[in-house]
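Written below as structure tokens is the structure these notes are about.
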Amino acid sequence: MGGKVGSGGATGSGGLSGAARGAVSIHIIETPGCSLMDQYQDFPIVPGGRPVTAAGVTKMLEHGTVVNGKEVRVACSIRGAAPPYQVLGQIRTGVGAEPRLVDLGALLSVGIPGVDSLVLAVPDLPDSYAGAAPEGCTYTATELDPAAGRVVGSFVCGTLQGQTSKDPCKVGESYFAFENCSR
């Protein structure tokens, strides 16, 4: 499963009432052994705030648009006939050598945590990072409507490790929201 949206069949356009849209706010916390400072990695970047919080969504990125000269790709899917649903989401801004990318996914039911992976690659971090086994990331959906193609929730990662550096970090309370996801 994992957050492999690119190979997992999620589409860029939701196929419902418009293009896929998404927002993710990741709170990387400074922990012993982690070279990263306490920071947020947001998709989209919102000056002076977060694009999605526990209180709601303030701004989303839409698939096929251009923001700050960078092409936006949003892909998401909500699969399954009944809960838990397989939820996959990916946001990518820019193409070529230095895109900003977040890729996540889990089996989810509203209010019931699901553990799976996270991939984070942004040019302002020294490495690509992944939340993976054994602790992975714990996702909790607060809204999940497959018919409407909408999912909103929070997550934490007990491990967020650098792909090559093995830099051991963690993710504190973070949030995601996707709309117009395919089924």
Side-chain angles (χ1 to χ4, degrees), residues 1-16 20-29 31 34 40-44 50-58 60-61 63 73-92 100-122 128-163 168-183:
M1 179 183 13
K4 305 290 185 226
V5 173
S7 61
T11 60
S13 62
L16 297 169
R21 297 169 19 109
V24 178
S25 183
I26 302 170
H27 182 197
I28 299 172
I29 54 176
T31 56
C34 176
Y40 285 87
Q41 290 292 333
D42 293 327
F43 298 79
R50 310 269 77 83
V52 59
T53 66
V57 180
T58 59
M60 296 181 110
L61 289 167
H63 180 77
R73 295 181 184 170
V74 178
C76 59
S77 66
I78 302 172
R79 306 273 167 106
Y85 297 99
Q86 181 183 29
V87 175
L88 301 172
Q90 183 184 82
I91 300 174
R92 180 185 185 116
R100 297 186 83 244
L101 168 78
V102 61
D103 195 340
L104 55 87
L107 283 174
L108 295 176
S109 298
V110 172
I112 301 172
V115 177
D116 212 318
S117 63
L118 169 83
V119 174
L120 175 65
V122 294
S128 294
Y129 288 81
E135 296 172 48
C137 299
T138 302
Y139 295 89
T140 304
T142 54
E143 292 180 47
L144 180 53
D145 185 344
R150 180 170 168 81
V151 61
V152 178
S154 64
F155 64 98
V156 296
C157 303
T159 302
L160 184 70
Q161 188 170 29
Q163 298 282 50
C169 302
K170 295 180 187 243
V171 172
E173 195 70 17
S174 299
Y175 302 93
F176 66 92
F178 289 92
E179 295 179 348
N180 297 331
C181 297
S182 68
R183 294 262 345 222

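The model shown is predicted, which means the values in this text are computed figures rather than measured ones.
- The shortest side-chain heavy-atom distance between Tyr175 and Val57 does not fall under the 4.5 Å cut-off.
- We find the CG-CD1 distance between Asp145 and Ile78 to be 7.5 Å, quoted to the nearest 0.5 Å.
- Residues Leu118 and Val102 meet the side-chain proximity criterion, which asks for heavy atoms closer than 4.5 Å.
- Looking at Thr142, its side chain does come within 3.5 Å of a backbone N or O of Val152 through a donor-acceptor pair.
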Inset, instruction - Evaluate the side chain to side chain contact (heavy atoms under 4.5 Å, CB included) criterion for residues Leu108 and Tyr85: first the C-alpha distance (whole Å), next the side-chain angles of each, then the deciding distance (0.1 Å), finally the verdict. - result: CA-CA 5 Å; Leu108 295 176; Tyr85 297 99; 5.8 Å; no
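- Side-chain N or O atoms of Ser77 include none that pairs as donor or acceptor with a backbone N or O of Cys181 at under 3.5 Å.
- No option in Val87, Leu88, Leu104 other than Leu104 meets the side-chain contact (heavy atoms from CB on, under 4.5 Å) test with Phe178.
- Ring pair His27/Tyr40 is parallel by interplanar angle, where below 30° counts as parallel and above 60° as perpendicular.
- For the pair Thr58 (side chain) and Arg50 (backbone), a donor-acceptor distance under 3.5 Å is present.
- Annotation for Pro51 and Pro44: closest pair CG-O, 3.3 Å, computed over non-hydrogen atoms.
- Taking CD1 of Ile28 as the start and SG of Cys34 as the end, the distance is 7.5 Å to the nearest 0.5 Å.
- Not a single donor-acceptor pair under 3.5 Å links the side chain of Arg73 to the backbone N or O of Gln90.
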Legend entry - Check against side chain to side chain contact (heavy atoms under 4.5 Å, CB included), Val74 and Arg21: CA-CA 6 Å; Val74 178; Arg21 297 169 19 109; 5.5 Å; no
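- The CE atom of Met60 lies 7.5 Å from the CD1 atom of Ile91; values are rounded to the nearest 0.5 Å.
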Inset, instruction - Would you please test Asp116 and Phe155 for side chain to side chain contact (heavy atoms under 4.5 Å, CB included) and show each step? - result: CA-CA 10 Å; Asp116 212 318; Phe155 64 98; over 6 Å; no
Legend entry - Gln86 and Leu107: CA distance, side-chain angles, deciding distance, side chain to side chain contact (heavy atoms under 4.5 Å, CB included) verdict: CA-CA 4 Å; Gln86 181 183 29; Leu107 283 174; 3.9 Å; yes
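- To the nearest 0.5 Å, atoms OH (Tyr129) and CG (Leu120) are separated by 9.0 Å.
- Considering SG of Cys157 and OH of Tyr139, their distance stands at 5.5 Å, rounded to 0.5 Å.
- Within the model, atoms CG of Leu61 and CZ of Arg92 stand 13.5 Å from one another, a figure rounded to the nearest 0.5 Å.
- Heavy-atom minimum distance, Cys137 versus Gly131: SG-CA, 3.8 Å.
- Annotation for Gln41 and Val122: closest pair OE1-CG2, 3.5 Å, computed over non-hydrogen atoms.
- Proximity of a side-chain donor or acceptor of Arg79 to a complementary backbone N or O of Arg183 within less than 3.5 Å is detected.
- Contacts of Thr138 classified as side chain to side chain donor-acceptor pair (under 3.5 Å), with partners at least two apart in sequence or in another chain: none.
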